[in-house]
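In this chain, residues are counted from 1 in sequence order. In listed order, ligands and their atoms are each counted from 1. Only this structure's heavy atoms are used, side chains among them; waters, hydrogens and symmetry mates stay out.
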Amino acid sequence: MADSEGSVEQKFSLQEVLDTFKLCLSENKEVYLQHYVAGWRGLVKFLNSLGSVFGFISKDAVNKIQVLVSHLNGENGSQYVTVQSMVKYELDNELVDLTKRGGHPESGCRTLLRLHRALRWLELFLERLRTSTEDSKTSVMCADAYNESLAQHHPWVVRKAAGMAFCMLPGRQAFLEVMNVGPPEQVVAMLGEALPLISEVYQITEELYSQHNLLDLP
Ligand code: 1PZ
C-alpha cells in the first residue's frame, strides 16, 4: 500500500524489528546472537522515538547491547554465534559469576539474561496491545506487563522510575501510529504473526538458562 505522505526515506517500522526476531532462530532452534542484538537495537530506536523520558531505559538497554556486540566482535567472537554456544563457552571457561558479582560483571550470560527478562515484558505488553480496545490505556497495559515480569527483578527505585515513565506513554492510537505499520487492524495482524516468534525465542532461551541454572545470575 502506498504511503499517504509519499515519503522517500523508509520510516522506522516495527515490522522490521519483528522480522529481525524471525531471523533469530536457526534450523535446529538455536538463537543467533547477532539477530537477537539487532532486534534489540530496533526496539531501542522505537523507544527513543517515544520521547526522552525513556532515555534511562534505552541507555541501559544500549549498554547491554554494546557488551554483547563487543563479545561478538572480540577475539572469541566465534564462540558467540548462538546463545547456546555462548553459554557453553562461558561456562566451560568459567567466565560467568554464578552466585555473586565478581570478576566477570560483563559476561554474555548475565548481560543477555537482562534483555531476556525484558523480552518477556515485551511479549506480555504486545499481547495486551494486540487484544486491546480503543479505550485501553497503554500506560496500564505497560505497567501490568511490567509488574508481571521485569518488576520482580528490579529494586524499588527502578520500579518507581519505570512507573513514572509509563505514564508518559502516548495513548493507544498515537502509539499504534508510531509503530508505522498501517491502520490499527494491520498492527493487530502483524502482532498476531510476530508474537509467536518472540515467544518461541523467549521460551528457548528460558529453557536453556533453566537447564544450566542461570536464571538468577547476579
Ligand atoms: C514502551 C515503554 C517501554 C517500557 C520498557 C519497560 C521496561 C522498563 C525497565 C526499566 C529499566 C530501567 C533501568 C535499568 C535497569 C537495570 O538495573 C536492569 C538490570 O540490569 P543490571 O543493573 O543488573 O545490569 N536492566 C534491565 O532490566 C534491562 C532493561 C531493558 C529494557 C529495555 C526495554 C526496551 C523497550 C522496547 C520498547 C518497545
Side-chain angles (χ1 to χ4, degrees), residues 12-21 36-68 70 96-102 104-130 132 136-181 187 190-191 194-195 198 201-202 205 209 214-218:
F12 168 78
S13 164
L14 197 70
Q15 175 83 63
E16 284 164 47
V17 175
L18 297 174
D19 285 346
T20 329
F21 280 103
Y36 192 90
V37 162
W40 276 105
R41 275 224 173 95
L43 287 169
V44 164
K45 243 201 236 172
F46 179 70
L47 187 61
N48 287 337
S49 76
L50 294 177
S52 55
V53 280
F54 304 102
F56 77 103
I57 301 174
S58 67
K59 210 170 138 197
D60 185 69
V62 167
N63 284 340
K64 302 224 168 1
I65 291 167
Q66 273 165 355
V67 169
L68 292 173
S70 62
V96 186
D97 295 331
L98 294 172
T99 49
K100 57 177 194 310
R101 300 205 73 173
H104 306 287
E106 299 205 323
S107 69
C109 287
R110 72 89 57 195
T111 304
L112 188 121
L113 176 62
R114 272 57 186 175
L115 295 179
H116 168 68
R117 290 168 175 165
L119 197 64
R120 176 71 181 149
W121 163 80
L122 185 75
E123 184 189 348
L124 293 172
F125 174 62
L126 294 182
E127 178 57 20
R128 280 178 165 79
L129 196 61
R130 188 181 76 83
S132 64
S136 302
K137 281 191 160 19
T138 45
S139 55
V140 174
M141 294 188 262
C142 190
D144 287 348
Y146 176 73
N147 290 332
E148 216 180 286
S149 56
L150 261 185
Q152 294 157 23
H153 305 284
H154 288 162
W156 184 84
V157 268
V158 173
R159 293 202 302 267
K160 196 79 192 155
M164 290 193 297
F166 298 158
C167 295
M168 309 298 284
L169 280 175
R172 179 176 179 274
Q173 200 189 325
F175 195 91
L176 296 182
E177 275 165 25
V178 191
M179 288 178 151
N180 252 313
V181 177
V187 180
M190 183 206 72
L191 289 175
L195 271 162
I198 293 183
V201 170
Y202 176 84
T205 311
Y209 268 62
L214 300 175
L215 287 169
D216 294 307
L217 290 179

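- Closest heavy-atom approach to atom 37 (C) of ligand 1 among the candidates Phe125, Trp121, Phe175: Trp121.
- Annotation for ligand 1: atoms under 4.0 Å from non-hydrogen atoms of Trp40 are 32 (C), 34 (C).
- The single protein non-hydrogen atom nearest to atom 31 (C) of ligand 1 is Ile57 CG2, 3.8 Å, given as residue, atom name and distance.
- Considering backbone and side-chain N/O atoms, Tyr146 never comes within less than 3.5 Å of an N/O atom of ligand 1.
- Around atom 19 (C) of ligand 1, the closest heavy atom drawn from His153, Arg114, Lys45, Met168 belongs to Arg114.
- Side-chain contact between Arg101 and Arg110 is present, with at least one heavy-atom pair separated by less than 4.5 Å.
- Atoms CD and CD, from Glu106 and Gln66 in turn, are 10.0 Å apart once rounded to the nearest 0.5 Å.
- Taking 4.0 Å as the cut-off, Lys59 does not count as a neighbour of ligand 1 on heavy-atom distance.
- Taking only non-hydrogen atoms, the option from Val157, Leu119, Leu169 nearest to atom 1 (C) of ligand 1 is Leu169.
- Only the side chain of Phe166 comes within contact range of ligand 1, with a heavy atom under 4.0 Å; no backbone atom does.
- In this structure, Gly108 and Tyr209 approach most closely via the heavy-atom pair O-OH, 4.2 Å.
- Proximity of Arg110 to ligand 1, defined as any heavy-atom pair under 4.0 Å, is confined to the side chain (atoms from C-beta onward).
- Atom 12 (C) of ligand 1 has as its closest protein heavy atom Phe56 CE1, 3.8 Å.
- Numbered from 1 in the order shown, with element, the atoms of ligand 1 that lie under 4.0 Å from a heavy atom of Phe46 read 38 (C).
- Rounding to the nearest 0.5 angstrom, the gap separating the CZ atom in Phe46 from the CZ atom in Phe54 is 9.5 Å.
- No salt bridge links Glu16 with Lys45; every basic N to acidic carboxylate O contact stays at or beyond 4.0 Å.
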